[in-house]
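Structure first, commentary second.
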Amino acid sequence: MATATARISDARYATAITTGRHALTADEPERNGGADVGPAPFDLLLASLGACTAMTLKMYAERKAWPLESLEVRLHYHGGETPPRIERVLVPTGPLDEAQRARLADVAERTPVTLAIKGGVPIQTSLGDAPPPGELSRSD
């Protein structure tokens, strides 16, 4: 199960994110009033999709013993369109034939993060209690 915690406090929009043993910072670019100390939320969404796509296709190629040497996943969020869309371009390198390349594109359409985005995962929101003053909350 994937978990994450995002915390914002004094800094205008800089948000500390923890997930498992990993920590990162998200922020808005300066043009939106942030300090640009980390990727913006939609950049993180694209990064998640790109990482999932690359990892899944690498695993698939390894299982098939295909000569995939590397894979670049280029992503662009077109939020100003109706409806918004994500453009994904796969750039595999290695001596793959056209059928293998086409199969990689087909598999990309069914990676876990792709399916979550396309399926519109329901989000259940509730309110939690704040920790007592002077005590930090922990997420394990």
Side-chain angles (χ1 to χ4, degrees):
M1 174 172 71
T3 63
T5 300
R7 287 187 181 86
I8 193 167
S9 59
D10 303 16
R12 181 115 191 245
Y13 299 124
T15 303
I17 301 167
T18 56
T19 178
R21 297 177 298 144
H22 308 283
L24 59 145
T25 301
D27 198 1
E28 287 291 338
E30 290 177 2
R31 71 179 181 277
N32 291 347
D36 198 25
V37 295
F42 274 102
D43 296 326
L44 291 169
L45 176 70
L46 292 180
S48 295
L49 177 60
C52 182
T53 301
M55 291 176 194
T56 302
L57 296 184
K58 174 85 171 179
M59 288 177 203
Y60 186 83
E62 285 176 347
R63 207 168 46 245
K64 295 288 192 178
W66 289 355
L68 177 65
E69 295 169 359
S70 67
L71 174 66
E72 183 174 301
V73 182
R74 299 175 186 160
L75 298 145
H76 184 81
Y77 179 71
H78 298 272
E81 296 182 5
T82 305
R85 68 183 174 89
I86 296 172
E87 177 184 1
R88 174 172 50 192
V89 177
L90 306 176
V91 185
T93 59
L96 300 163
D97 62 34
E98 285 308 309
Q100 291 168 328
R101 292 169 58 84
R103 182 69 179 141
L104 290 176
D106 182 55
V107 171
E109 291 300 315
R110 289 184 305 286
T111 67
V113 173
T114 299
L115 294 176
I117 292 170
K118 286 184 172 186
V121 174
I123 299 172
Q124 178 182 341
T125 302
S126 61
L127 293 172
D129 294 327
E135 182 180 313
L136 294 177
S137 67
R138 277 190 70 218
S139 173
D140 292 293

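Here, residue 1 is the first one in the sequence, and each next residue gets the next number.
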Checklist entry - Minimum heavy-atom separation for Leu68 to Lys58, with atom names? => result CD2-CA, 4.2 Å
Checklist entry - Just by modelled atom types, is the Ala99 backbone N or O under 3.5 Å from a matching donor or acceptor in the Asp97 side chain? => result yes
Item to check | Residue pair Thr25 / Ala14: nearest heavy atoms and the distance that separates them | outcome: CG2-CB, 4.4 Å
Checklist outcome for this item: The reported gap from CG in Leu96 to CD in Glu98 (rounded to nearest 0.5 angstrom) is 9.0 Å
Checklist entry - Knowing that exactly one of Thr5, Leu44, Ile8 qualifies, which makes a side chain to side chain contact (heavy atoms under 4.5 Å, CB included) with Ile17? => result Leu44
Checklist entry - Would you say Thr114's side chain and Ala108's backbone share a donor-acceptor pair under 3.5 angstrom? => result yes
Checklist entry - Using 4.0 Å as the upper bound for N to carboxylate O, is an ion pair formed by Glu62 and Lys64? => result no
Next on the checklist: What I'd like to find out is whether the side chain of Leu75 reaches to under 4.5 Å of the side chain of Glu87, using heavy atoms alone.
Outcome noted: no
Item to check | Pairs where residues 116-125 contributes a residue and the test salt bridge (charged side-chain N to carboxylate O under 4.0 Å, His left out) is met, not counting sequence neighbours | outcome: Glu109-Lys118
Checklist entry - Is there a donor-acceptor pair under 3.5 Å between the side chain of Thr56 and the backbone N or O of Cys52? => result yes
Next on the checklist: Let me confirm one number: the CZ-NE2 distance from Arg85 to His78, rounded to the nearest 0.5 Å.
Outcome noted: 4.0 Å
Next on the checklist: Under the salt bridge (charged side-chain N to carboxylate O under 4.0 Å, His left out) definition, can you give me all pairs with a residue in residues 31-48, not counting sequence neighbours?
Outcome noted: none
Checklist entry - Mind checking whether Phe42 and Tyr77 have parallel, tilted or perpendicular rings, split at 30° and 60°? => result parallel
Next on the checklist: Let me check something: do Val113 and Met55 share a hydrophobic cluster, defined by ILVMFWY side-chain heavy atoms less than 4.5 Å apart, either directly or through other members?
Outcome noted: no
Checklist outcome for this item: Heavy-atom nearest pair, Pro41 first then Glu28, reads CD-OE2, 3.7 Å
Next on the checklist: Testing the basics here: between Gly94 and Glu69, what is the closest heavy-atom pair and its distance to 0.1 Å?
Outcome noted: CA-CD, 3.5 Å
Next on the checklist: Side-chain heavy atoms nearer than 4.5 Å, only ILVMFWY residues, links allowed to pass through others: does that put Leu71 and Ile86 together?
Outcome noted: yes
Next on the checklist: Restricting to non-hydrogen atoms, name the atom on Ile117 and the atom on Leu45 that form the minimum distance, rounded to 0.1 Å.
Outcome noted: CD1-CD1, 3.9 Å
Checklist entry - Arg7 and Thr15: side-chain donor and acceptor closer than 3.5 Å? => result no
Item to check | Tyr60 versus Leu104, closest heavy-atom pair with distance | outcome: CD2-CD2, 4.3 Å
Checklist entry - Leu90 and Leu57: side-chain contact (heavy atoms from CB on, under 4.5 Å), yes or no, with the steps? => result CA-CA 10 Å; Leu90 306 176; Leu57 296 184; 3.9 Å; yes
